[in-house]
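What follows is a set of notes on a single structure, which appears directly below.
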Amino acid sequence: MTTHVISLVSIGAHPTSGRPRRAEQDARAVELGLQMAGDKLQVLHAGNIHEPTLRSYLGMGLTQLHVLEQPAGSDALPVLSEYLRDAGAQVVLTGSQAETGEGSGMLPFLLAEQLGWPLVVGLAQVESIEGGVAHVLQALPRGQRRRLKVRLPFLATVDNAAPKPRQSAYGPAQRGELAAHEVEIEQDELFTGALLQPAKPRPKRLKVIKAKSGADRMKAATAKASGGGGQVLKGLSPEAGAEAILKLLIEEGVVR
Amino acid sequence: MSDIIRRDPRAEWIARNRLHPLHAAMQPALHSWMGPNGIIRKNVHGVGFIGPNGIKRIDRSGAQQGGAAKRTAAVHVQLPLHQVPAPAFYINVVPDMVGGRLSSHDRDLLGLARQLAGSDGAVLAVVFGEHKEITFATAGVDRLLVLEGHEFDGYSPEQRVQGLRAVDNQFNPRHWLLPDSRSGGGELGRRFAASLKERPATRVWQIKGEACIGRAGAGQEDLARPLPRLILAAVECAEPVSETRHEVLPVELSTALARSLPRIEDLGAVAVDPGAIPMAEAEFIFSGGNGVKDWALFHQTAAALGATEGASRVAVDDGFMARDRQVGASGTWVTARVYMAVGISGAIQHLQGIGACDKVVAINLDPGCDMIKRADLSVIGDSAAILQALIAAVEAHRNGAKRDAA
């Protein structure tokens with residue numbers, strides 16, 4: 001029995017040119033979905049069906065891409081939750097945040113809240129799905145992994161720890177089918193009060209030295225990095241020294 | 001603080017100058033006086049002054065007066081205490097507490113909270129489980145709420161959201177501030193926002209009055225908007241608190257926490273290949289230098305500890321380690337939480353490379369080297385013997401843990 005997986009995709013923006021492209025993390029969500037469900041993977045997009053970039057997802061080997069037709073600036077949340085409630089999916093994969101628009105990364109959290117499903121953040125790998133329970137690996141900062149047990153159906157976001165997306169091929173991209181769905185349109189009220197503007201480079205933080213005297217300023221400018229008041233164990237047996245080191249490592253939680 | 005004992009020529013000059021306003025204060029303590037029976041008593045210990053080498057000097061020529069007190073170069077400055085006896089409102093902060101301590105991101109966030117709180121409001125920090133932090137006072141925490149309990153152990157985002165909701169009900173803070181970080185804050189804040197059904201401002205890097213600016217999309221655009229109640233702030237969103245001390249009064253929840261059945265169960269950390277983690281972001285680095293003679297033992301220890309291997313420039317130049325393992329100014333600048341240096345004396349280039357490390361452990365033969373001055377824990381001795389003992393100790397620890405679990 002294969003799992004019923006739905007990947008949610010959006011239109012990305014190239015980091016330098018700003019041109020539309022397939023979104024990096026969404027492409028990883030599609031790749032992970034393809035590895036889990038193969039041909040059975042369902043890919044869903046809420047937005048403009050005539051956007052040519054959508055076909056780059058089809059180029060990853062999909063036969064069909066479902067589109068909930070919406071004009072720009074409308075709220076994707078109600079239509080997605082409406083669709084997912086009846087779709088019968090066991091796993092829904094999304095990227096962590098959009099590359100255009102607000103990009104707050106709230107969508108998966110709000111979807112999970114509305115559907116009442118558990119949400120796994122930073123999914124790296126699905127180890128097994130058996131009897132309504134999935135064992136998954138979650139990516140943590142600093143390259144660490146954590147194993148989680150989660151009940152189906154669940155939502156998961158993927159970030160850059162997920163498998164690299166396969167290349168998009170031109171032929172399958174043109175042959176693939178875009179299936180449109182009519183949905184109710186709801187405006188997103190964000191832009192009534194908020195304003196998008198080109199990103200300002202953030203000022204570099206200044207190193208402020210609050211020294212009162214010249215001697216203090218000189219010291220701050222020339223001082224070597226020093227822990228100050230470290231513990232020095234001298235004349236101990238190797239075993240006692242090793243014990244002390246191990247105690248610190250266990251306290252810090254790096255040795256388990 | 002320097003321990004060098006100094007003469008104070010100015011104090012001595014004031015003691016000689018009878019017209020100086022501080023003349024009386026600079027007079028040396030009386031060394032001889034008339035006792036009750038008319039006998040002259042002398043305090044022989046008060047005579048003279050302590051010279052620069054720490055040796056007592058007695059100047060019998062009569063030229064030296066006063067300034068006998070030991071002067072140390074720096075004095076500990078007590079920052080002024082900022083008190084909020086009856087807070088008009090609360091600004092709640094949920095720091096990440098990576099490794100049980102405030103990270104620099106957390107300190108920036110507390111600085112931002114301090115700005116928002118002004119003089120009437122109080123900054124309330126909500127901390128889950130046990131912590132090792134002792135500097136909440138100087139970081140700007142007026143009130144501290146520690147939510148303890150086994151339900152918050154490990155990865156428990158759903159239970160933590162329940163806890164935050166209880167805090168929200170009781171204190172009804174004006175703002176909630178969380179770090180928009182990958183080490184937990186970003187996720188917890190978004191879960192909390194979804195649960196409160198409030199739209200948060202994310203990746204906020206500037207707050208001015210009633211408006212805030214945060215990064216939007218993939219960082220190409222900024223989103224300026226009115227300040228919402230829930231704020232997920234980016235790194236360096238504000239200057240950390242540095243000029244005041246705060247009370248850190250403990251507060252408690254008045255209600256018992258509702259426990260929910262977790263839908264996500266934490267099965268613990270998975271062992272990852274430490275060699276595959278990029279050095280710049282490895283959490284625990286075990287680094288070897290010129291003092292390591294037995295490299296097979298070094299690799300064996302790294303494997304036993306589960307640490308990422310690093311090396312000093314000498315070890316790389318001598319061909320014992322690959323070039324991409326070099327730590328320091330011309331190699332990788334590492335950000336490890338724990339850095340263990342074996343046989344590394346600590347050239348300035350190397351110390352620059354480990355500047356961001358939290359805890360440094362050094363094993364070295366030379367007790368006077370710079371690495372020992374930088375280290376939080378140093379063991380002086382032969383590295384080979386200590387490493388062997390360390391392998392044995394780690395194995396004993398692991399076996400003991402297994403026996404406890406069984």
Side-chain angles (χ1 to χ4, degrees), chain A residues 12-13 15 18 98-106 109-110 112-113 118 120-121 137 141-151 190 193-200 202 205 210 224-227 230-234 236 238-239 241-246 248-250 252-256, chain B residues 99 155 182-183 187 190-191 193-195 202 205 215-226 236 242 263-270 272 277-278 281-284 305-306 337-338 348 351 355 359-361 367 370 372-381 385-386 389-390 393-394 397:
Chain A
E99 295 181 7
T100 55
E102 187 187 6
S104 65
M106 279 300 292
F109 293 86
L110 292 167
E113 184 74 23
V120 177
V121 174
L137 288 189
R142 298 176 178 278
Q144 302 294 314
R145 295 279 186 276
R146 186 192 277 146
R147 187 170 287 125
L148 299 176
K149 193 167 110 183
V150 58
R151 283 207 314 246
L190 168 71
L195 182 71
L196 270 179
Q197 56 201 32
K200 261 194 228 153
R202 292 186 51 189
R205 179 175 270 182
K210 292 202 177 83
K224 273 187 197 176
S226 68
Q231 191 189 358
V232 181
L233 303 177
K234 213 168 163 183
L236 254 64
E239 284 73 26
E243 261 326 303
I245 293 174
L246 186 64
L248 184 138
L249 297 182
I250 293 168
E252 290 297 320
V254 288
V255 167
R256 283 176 284 267
Chain B
Y155 179 67
R182 278 200 63 212
S183 34
E187 181 196 344
R190 287 182 173 88
R191 279 185 196 271
S195 148
T202 54
W205 57 272
R215 284 274 188 264
Q220 295 271 31
E221 283 174 314
D222 276 344
L223 189 65
R225 63 166 120 197
E236 298 195 1
S242 62
R263 293 175 296 179
I264 304 174
E265 200 177 316
D266 184 3
L267 299 182
V270 180
V272 285
I277 304 171
E281 58 178 60
E283 190 173 31
F284 176 26
L305 291 172
R337 212 149 55 69
V338 180
I348 184 73
L351 292 181
K359 289 268 170 197
V360 177
V361 181
D370 283 344
I372 303 280
K373 288 177 193 145
R374 166 72 173 87
D376 299 276
L377 172 70
S378 6
V379 179
I380 312 296
I386 294 173
L390 191 57
V394 169
H397 169 70

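Quick caveat: nothing in here was measured; it's all calculated off a predicted structure.
Remark: side-chain polar atoms of A:Arg202 are paired, donor with acceptor, to backbone N or O of B:Glu236 under 3.5 angstrom. Under a 3.5 Å cut-off, the side chain of B:Asp222 and the backbone N or O of A:Lys200 do form a donor-acceptor pair. No side-chain donor-acceptor contact under 3.5 Å links A:Gln231 to the backbone of B:Asp376. Under the 3.5 Å distance criterion, the side-chain polar atoms of B:Arg337 are matched with a main-chain donor or acceptor of A:Glu252.
Only the backbone of A:Thr100 comes within contact range of chain B, with heavy atoms under 4.5 Å apart. Interface residue B:Ser378: backbone and side-chain heavy atoms are both found under 4.5 Å from chain A. The part of A:Leu248 that comes within reach of chain B is its side chain, from C-beta onward, which places non-hydrogen atoms under 4.5 angstrom from that chain. With a threshold of 4.5 angstrom between heavy atoms, B:Ala193 approaches chain A through its backbone and through its side chain. Contacts between B:Val338 and chain A at a heavy-atom distance below 4.5 Å involve the side chain alone, from C-beta outward.
For the atom pair CG of A:Leu195 and CZ of B:Arg225, the computed distance is 11.5 Å after rounding to the nearest 0.5 Å. Distance CZ/A:Arg146 to CG/B:Asp266: 5.5 Å, rounded to 0.5 Å. Rounded to the nearest 0.5 angstrom, B:Ile386 CD1 and A:Glu243 CD are separated by 12.5 Å. We find the CD-CG distance between A:Glu102 and B:Leu223 to be 6.0 Å, quoted to the nearest 0.5 Å. Rounding to the nearest 0.5 angstrom, the gap separating the CZ atom in A:Arg151 from the CD atom in B:Glu265 is 10.5 Å. Note: B:Leu305 CG to A:Ile245 CD1 = 9.0 Å, rounded to the nearest 0.5 Å.
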>> Pair B:Tyr155, A:Arg147 - check side chain to side chain contact (heavy atoms under 4.5 Å, CB included), show working.
In response: CA-CA 10 Å; B:Tyr155 179 67; A:Arg147 187 170 287 125; over 6 Å; no
> For A:Lys149 and B:Ile264, what are the C-alpha separation, side-chain angles and deciding distance, and is it a side chain to side chain contact (heavy atoms under 4.5 Å, CB included)?
Replying inline: CA-CA 6 Å; A:Lys149 193 167 110 183; B:Ile264 304 174; over 6 Å; no
>> I'd like to know whether A:Leu148 forms a side chain to side chain contact (heavy atoms under 4.5 Å, CB included) with B:Leu267, so could you lay out the CA-CA distance, the side-chain angles of the two residues, the decisive distance to 0.1 Å, and finally the verdict.
In response: CA-CA 5 Å; A:Leu148 299 176; B:Leu267 299 182; over 6 Å; no
>> With side chain to side chain contact (heavy atoms under 4.5 Å, CB included) as the criterion, how do B:Leu390 and A:Leu246 come out once you've worked through the C-alpha distance, each side chain's angles and the decisive distance to 0.1 Å?
In response: CA-CA 7 Å; B:Leu390 191 57; A:Leu246 186 64; 4.3 Å; yes
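Heavy-atom pairs under 4.5 Å with chain B were tallied for A:Gly101, A:Gly18, A:Pro118; the largest tally goes to A:Pro118. Taking chain B as the reference chain and counting heavy-atom pairs below 4.5 Å, the highest number among A:Gly105, A:Gly12, A:Ala244 is found for A:Gly105. When the candidates A:Glu239, A:Gln144, A:Arg205 are compared by the number of heavy-atom contacts under 4.5 Å with chain B, A:Arg205 comes out ahead. Your options are A:Val150, A:Val232, A:Leu236, and the one with the most heavy-atom pairs under 4.5 Å with chain B is A:Val232.
B:Arg190 has no carboxylate O lying under 4.0 Å from a charged side-chain N of A:Glu113, or vice versa, which leaves the two without a salt bridge.
Here the side chains of B:Glu221 and A:Gln197 are not in contact, with every heavy-atom distance at 4.5 Å or above. No side-chain heavy atom of A:Arg142 sits less than 4.5 Å from a side-chain heavy atom of B:Phe284.
Heavy-atom minimum distance, A:Pro141 versus B:Arg182: CG-O, 3.6 Å.
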